[in-house]
Amino acid sequence: MKTHILLVEDDERLANLTAEYLRKNDFEVQIEPRGNTAEARILDERPDLVILDVMLPGKDGFEVCRTVRPHYGGVILMLTARDEDFDQILGLELGADDYIAKPVQPRLLLARIKALLRRSPVNPGSTGSDSAEPGEPSELAFGSFRISQATRSTQLGSNGIDLTTAEFDLLWLLARHAGSILSRDDLLQELRGIGFDGLDRSIDARISRLRRKLGDDPENPTRIKTVRGKGYLFSKHDWQ
């Protein structure tokens, strides 16, 4: 069965060219030009991946992402016409799994889609870069915190934690290296296959979301610590 992609893009020419390219690479692609009707289609059709433009008629991509994210577990890849931190960070804060700036290079878009789908739970038989290596545990526990790579589930005490694909990938990577500092470059190389350019804020935005979901104090975090000038450290001990 082909992977189903919903492309939410109001530029008809761009949408058709993108859809044609992805179909040639064996994806099933449908196009939706309006944000206000995209919400219902995402929740009704449950595509494996949504390519979501920011600038849309009806509702913008940010509002669509905010509305569907609590009810949709697939991958959301946002397109932004401006190479600005604000667009990128806001999209990630609202639960997008990744972003790519327009104009989009088709090969880069295809590579990003394949990388996201490899780590997505809609492909349970695949192994992404965040999968447990042979001999490594597929489940980790720290006090009241549990995270399972096998089921891609996370629990704190008796409560399950709802994470996006990208948030789970980052948390699993941090937990696998509990007690060690991972730099932004380490994290980006592992999760997205790119180095840190000094400007990318995607890791920071996801760390912020994870802290909120894990009940970590944003002013004085103890569970996912910031080590100034070096990176982030997942604590082994602050999970009671």
Side-chain angles (χ1 to χ4, degrees), residues 2-39 41-42 45 47-66 68-69 72 74-120 122-123 128-129 164-167 169 187-206:
K2 291 185 178 181
T3 298
H4 177 198
I5 294 176
L6 180 64
L7 172 59
V8 187
E9 169 62 72
D10 66 320
D11 183 326
E12 183 177 358
R13 180 177 177 275
L14 176 60
N16 287 331
L17 288 172
T18 302
E20 181 181 1
Y21 178 80
L22 293 175
R23 287 169 184 147
K24 287 180 179 178
N25 284 275
D26 210 31
F27 291 99
E28 176 189 343
V29 184
Q30 294 178 313
I31 299 171
E32 171 54 54
R34 296 186 60 84
N36 56 327
T37 49
E39 293 177 354
R41 290 194 64 179
I42 292 169
E45 299 174 19
D48 299 310
L49 182 142
V50 176
I51 301 175
L52 181 60
D53 191 21
V54 170
M55 303 301 292
L56 294 166
K59 285 187 177 182
D60 67 31
F62 295 136
E63 182 61 28
V64 174
C65 185
R66 179 188 292 110
V68 303
R69 183 79 280 179
Y72 169 69
V75 176
I76 298 177
L77 173 61
M78 297 201 76
L79 300 180
T80 172
R82 301 184 301 275
D83 188 15
E84 295 181 358
D85 284 348
F86 174 78
D87 282 357
Q88 299 161 0
I89 294 170
L90 181 56
L92 296 170
E93 285 287 336
L94 294 174
D97 294 288
D98 206 347
Y99 62 85
I100 189 167
K102 296 166 70 174
V104 179
Q105 297 179 7
R107 289 184 180 180
L108 176 60
L109 176 63
L110 180 62
R112 195 69 60 83
I113 288 170
K114 288 182 175 180
L116 287 166
L117 289 172
R118 279 197 299 270
R119 297 194 298 267
S120 171
V122 301
N123 293 280
S129 61
T164 68
T165 296
E167 289 166 358
D169 293 340
L187 296 168
L188 283 168
Q189 286 284 1
E190 184 74 14
L191 296 172
R192 297 178 63 195
I194 61 175
F196 180 56
D197 60 5
L199 300 173
D200 193 308
R201 299 290 303 279
S202 60
I203 295 298
D204 300 340
R206 290 190 185 118

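Just so it is clear, the values below take in all heavy atoms, side chains as well, and ignore hydrogens, waters and symmetry mates.
Between Val8 and Ala38, the closest heavy-atom pair is CG1-CB, 3.7 Å. The two residues Cys65 and Ala96 come nearest to each other via the heavy atoms SG-N, 3.7 Å. What you find for Tyr99 and Arg112 is that their closest heavy atoms are O-NH1, 3.0 Å. Taking both residues in full, the closest heavy atoms of Val104 and Ala101 are given as CG2-O, 3.9 Å, listed atom of the first, atom of the second, then distance. Leu56 and Asp10 get closest at one heavy-atom pair: CD2-N, 3.9 Å.
Interatomic distance, Leu14 CG to Ile31 CD1, rounded to the nearest 0.5 Å: 9.5 Å. Separation of atoms CD1 (Ile100) and CG (Asp98) is listed at 8.0 Å; rounding is to 0.5 Å. Separating the CZ atom in Arg69 from the OG1 atom in Thr164 is a distance of 6.0 Å, to the nearest 0.5 Å. With rounding to the nearest 0.5 Å, the separation of CD1 in Ile51 from CG in Leu6 is 9.0 Å. Taking CE of Met55 as the reference point, atom CG of Asp11 lies at 12.5 Å (rounded to 0.5 Å). Taking NE2 of His4 as the reference point, atom CD of Glu45 lies at 5.0 Å (rounded to 0.5 Å).
Every residue meeting the side-chain hydrogen bond (donor to acceptor under 3.5 Å, both in side chains) condition with Arg34, not counting sequence neighbours, appears here in chain and number order: Asn36. For Glu9, the side-chain hydrogen bond (donor to acceptor under 3.5 Å, both in side chains) partners two or more places apart in sequence, or in a different chain, are Lys102.
Taking the side chain as every heavy atom from C-beta outward, Glu190 and Leu187 never approach each other to under 4.5 Å. Side chains of Thr18 and Leu109 form a contact here, defined as non-hydrogen atoms less than 4.5 Å apart. Between Ile42 and Val64, the closest side-chain pair of non-hydrogen atoms falls below 4.5 Å.
The side-chain contact (heavy atoms from CB on, under 4.5 Å) test with Asp97 singles out one residue from Leu49, Val50, Val75, and that residue is Val75.
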Please list, one pair per line, the donor and acceptor atoms closer than 3.5 Å that link side chains of residues 19-29 to other protein atoms, with sequence neighbours excluded.
unit_1, atom_1, unit_2, atom_2, d
Arg23, NE, Val29, O, 3.3
Arg23, NH2, Val29, O, 2.7
Asn25, ND2, Tyr21, O, 2.9

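The number of heavy-atom neighbours closer than 6.0 Å to CD of Gln30, taken from other residues, nucleotides and ligands shown, is above 12.
Remark: the backbone N or O of Gly95 is not paired with any side-chain donor or acceptor of Arg66 at under 3.5 angstrom. Listed for the Arg41 side chain is no donor-acceptor partner under 3.5 Å among the backbone atoms of Pro47.
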- Check the pair Lys2 / Asp48 against salt bridge (charged side-chain N to carboxylate O under 4.0 Å, His left out), numbers first and verdict last. CA-CA 10 Å; Lys2 291 185 178 181; Asp48 299 310; over 6 Å; no
